[in-house]
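Following: one structure in structure tokens, then a few remarks.
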Amino acid sequence: MSPREAARRRWARVAWVYGLLLAFGVFFVGPFLMGFLASLKPNPLEWPFTLRFAQVSPKNWAAAWRLGRAGSGDPWLGGMRPGREVVLEVAYFWPEDTPPPLEATVPRRRPGAGMGAVFETPYAADHVRLLGPELVEKAPARLGEGEGYVYRFRLRVDYPGEGPFLERVPLDIQAPRGALYLGATLDPTRFERRGRVASWDNVVPGLLGYVFHNYVRAFREARSLETGESLFLRWTLNSFLLAAVKVATTLVFASMAGYALARLRFPGRQALFLFMLFSMMVPGQVTFISNYLVLRDGIFGLSKLFGVETLLNTYTGLILSGLVGAGAVFIMKQFFESIPREVEEAALIDGATPWQTLFRIVLPMSTPALGAVAILTFQGTWNEFFWPFVVLTSPREIYTLPLGLLSFRNAYGQVGDWGLILAGGFFSMVPVLILFAVFQRYFVEGVSVGALKE
């Protein structure tokens, strides 16, 4: 075989490998990207699915920024305050020489469906004044085979006097038959009545309020009936709290248990290790009834010593029932066994106790395993649904984020508001992705190193 033929085959193999990697990347990352883009759309179920829509247009980003700043001084989240005025321009193609009669209204529209429809919020129609549409430009144009004129109108939304802060100002513009919408300062949220009505959910959205409209709604609409605080924010903080506590307890107990099983010699050590492996094979659905009864009775009545009748609907019960997992102990044990014994023997010669050897010598060398256990524990706790669903039933303020997303599904799924559900689901993936991206080196090292023996 000639050198040229060998080089050609080598590059062909490289091309095949990279092609397969690219295909796998598209296969796994593609749904993630499509889910994110769909969460930005007002209607994520539109078909056919398009990658070009209003929320990804830089022109609309700049317009949403300006309108939000004009309405409230906040270019990020927008809204409208008393004494402010915003200007919106819209253009139509019309075949006649006279301007098309447009009808513009600020409708009395609730801020959202589901949870958002429960609260009494001020209607923008009761406070703002709509001026226009006012014709500002007329130019001859040709659209396809038809000739006509492009008419540009200006509308002013004024908030005179005093009043409450308005999170949103909806707007509807109805055009006659034959008038074709060409563009506007800010593209409308949707078209209704076969395109005759251009509808804006909010003409003062701000940049984040326009691009991440569904995400902003998730934080604003899901609120507590008693306190008015954001339930979505509370659910997120609850999940972070539980995940942080479980990571801390798992690292402490898994390290000590793994070190004891790997290095210490005591009666029943092997039987205890086999029992731990057996417990990893038993699904939680098999033991959840007995665990539920234990928490209901306050761990055989011991909680009554502290004035607590039951551990249901408490984070204490949820944490105590999962202080450490057998999988974490197994990873730490395997990692400790890969550390040369000579290191510990040198520490013992220097007079170190087993506790000092563990915390001052062994654990600083176990960063990869600790990182892997921390990532796996955080991910498992953050995404855990079944056991919190059993333990935490009321009130809604104590829910974790997965339970809160179930509430979204029940509240918004019935009315077809899938954009907010998709935004909440995508948001729940972000912390785990960030955690893995930052600590992936420790994760790979920690999971693989236990399989290596010298």
Side-chain angles (χ1 to χ4, degrees), residues 224-227 229 231 234-261 264 266-333 355 358-359 373-374 376-407:
S224 171
L225 295 175
E226 291 77 16
T227 63
E229 68 172 342
L231 287 177
R234 171 58 59 184
W235 298 334
T236 304
L237 296 177
N238 292 343
S239 292
F240 269 116
L241 173 63
L242 288 173
V245 172
K246 282 201 173 184
V247 166
T249 58
T250 298
L251 291 179
V252 172
F253 291 109
S255 299
M256 293 189 295
Y259 186 76
L261 292 174
L264 303 184
F266 55 89
R269 180 176 67 93
Q270 193 64 25
L272 182 61
F273 179 65
L274 293 176
F275 177 77
M276 183 192 70
L277 293 180
F278 173 76
S279 66
M280 295 174 61
M281 306 175 191
V282 180
Q285 288 78 359
V286 175
T287 59
F288 89 93
I289 294 180
S290 58
N291 293 338
Y292 174 85
L293 295 177
V294 170
L295 293 183
R296 185 199 64 179
D297 299 334
I299 311 182
F300 309 108
L302 295 178
S303 65
K304 296 181 180 179
L305 299 177
F306 303 93
V308 180
E309 293 293 329
T310 179
L311 293 179
L312 295 178
N313 293 321
T314 64
Y315 295 144
T316 303
L318 199 60
I319 293 172
L320 290 178
S321 60
L323 283 177
V324 61
V329 176
F330 177 79
I331 292 176
M332 297 304 301
K333 174 184 178 297
W355 286 99
L358 172 62
F359 287 102
V373 170
L376 292 175
T377 304
F378 184 91
Q379 179 186 13
T381 306
W382 181 268
N383 295 327
E384 189 178 15
F385 173 80
F386 180 77
W387 185 236
F389 182 70
V390 173
V391 177
L392 307 177
T393 56
S394 64
R396 290 194 301 176
E397 285 79 359
I398 66 172
Y399 284 0
T400 59
L401 190 55
L403 299 184
L405 294 179
L406 177 64
S407 298

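Residue-environment remark: CZ (Phe306) stays at or below the threshold of 12 foreign heavy atoms within 6.0 Å. Counted within 6.0 Å of CZ on Phe273, heavy atoms from surrounding residues, nucleotides or ligands total more than 12; the atom is thus considered enclosed. Counting heavy-atom neighbours within 6.0 Å of Phe385 CZ, excluding the residue itself, gives a total above 12.
Put simply, the side chain of Thr310 gets close to the backbone of Leu295: a donor and an acceptor are under 3.5 Å apart. When atom types are taken as modelled, the side chain of Thr381 and the backbone of Lys246 share no donor-acceptor pair closer than 3.5 angstrom. Checking side-chain atoms of Ser321 against main-chain N and O of Leu318 turns up a donor-acceptor pair under 3.5 Å. The closest donor-acceptor contact from the side chain of Tyr399 to the backbone of Asn238 lies at 3.5 Å or more, if one exists at all.
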Open item on the list: Applying side-chain contact (heavy atoms from CB on, under 4.5 Å) to Thr316 and Val308, what does each step give before you reach the verdict?
Closed with: CA-CA 11 Å; Thr316 303; Val308 180; over 6 Å; no
Open item on the list: Could you walk me through whether Val324 and Thr249 satisfy the side-chain contact (heavy atoms from CB on, under 4.5 Å) test, starting with their C-alpha distance in whole Å, then the side-chain angles of each, then the deciding distance to 0.1 Å, before giving a yes or no?
Closed with: CA-CA 7 Å; Val324 61; Thr249 58; over 6 Å; no
TODO: Please assess Phe266 against Leu261 for the test side-chain contact (heavy atoms from CB on, under 4.5 Å), listing each intermediate value before the final yes or no.
DONE: CA-CA 9 Å; Phe266 55 89; Leu261 292 174; 4.2 Å; yes
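Between Asp297 atom CG and Glu309 atom CD the span is 10.5 Å, to the nearest 0.5 Å. Note that CE of Met256 is 12.0 Å distant from CG of Leu264, once rounded to the nearest 0.5 Å. Atom-to-atom distance recorded for Leu320:CG and Thr314:OG1 is 8.0 Å, nearest 0.5 angstrom. Residue Ser239 holds its OG atom at 9.0 Å from CG of Leu237, rounded to the nearest 0.5 Å. Taking CE of Met281 as the start and CE of Met276 as the end, the distance is 10.0 Å to the nearest 0.5 Å. Atom CG of residue Leu293 and atom CD1 of residue Ile299 lie 13.0 Å apart, to the nearest 0.5 angstrom.
Side chains of Ser394 and Asn313 form a contact here, defined as non-hydrogen atoms less than 4.5 Å apart. Looking at heavy atoms from C-beta onward, Leu405 lies out of side-chain contact with Pro402 at the 4.5 angstrom threshold. Contact of the Leu312 side chain with the Thr393 side chain is not registered, since no non-hydrogen atoms from C-beta on lie closer than 4.5 Å.
Between Phe288 and Phe386, the angle of the ring planes goes over 60°, which puts this pair in the perpendicular group of the 30/60° scheme. Using the six-membered ring where Trp is involved, Phe275 and Phe278 have ring planes that are tilted, between 30° and 60° apart.
Contact detail for Ala374 and Leu251: the closest heavy-atom pair is N-CD2, 4.2 Å. Heavy-atom minimum distance, Met280 versus Ala326: CG-CB, 3.3 Å. When all heavy atoms of Tyr315 and Ile398 are compared, the pair lying nearest together is OH-O, 2.9 Å. Contact record, Leu358 with Ser255: CD1-O, 4.4 Å, taken as the closest heavy-atom pair. A pairwise comparison of heavy atoms in Ala254 and Met332 identifies O-CB, 3.7 Å as the closest pair. Across Arg396 and Trp235, no two heavy atoms sit closer than the pair O-NE1, 2.8 Å.
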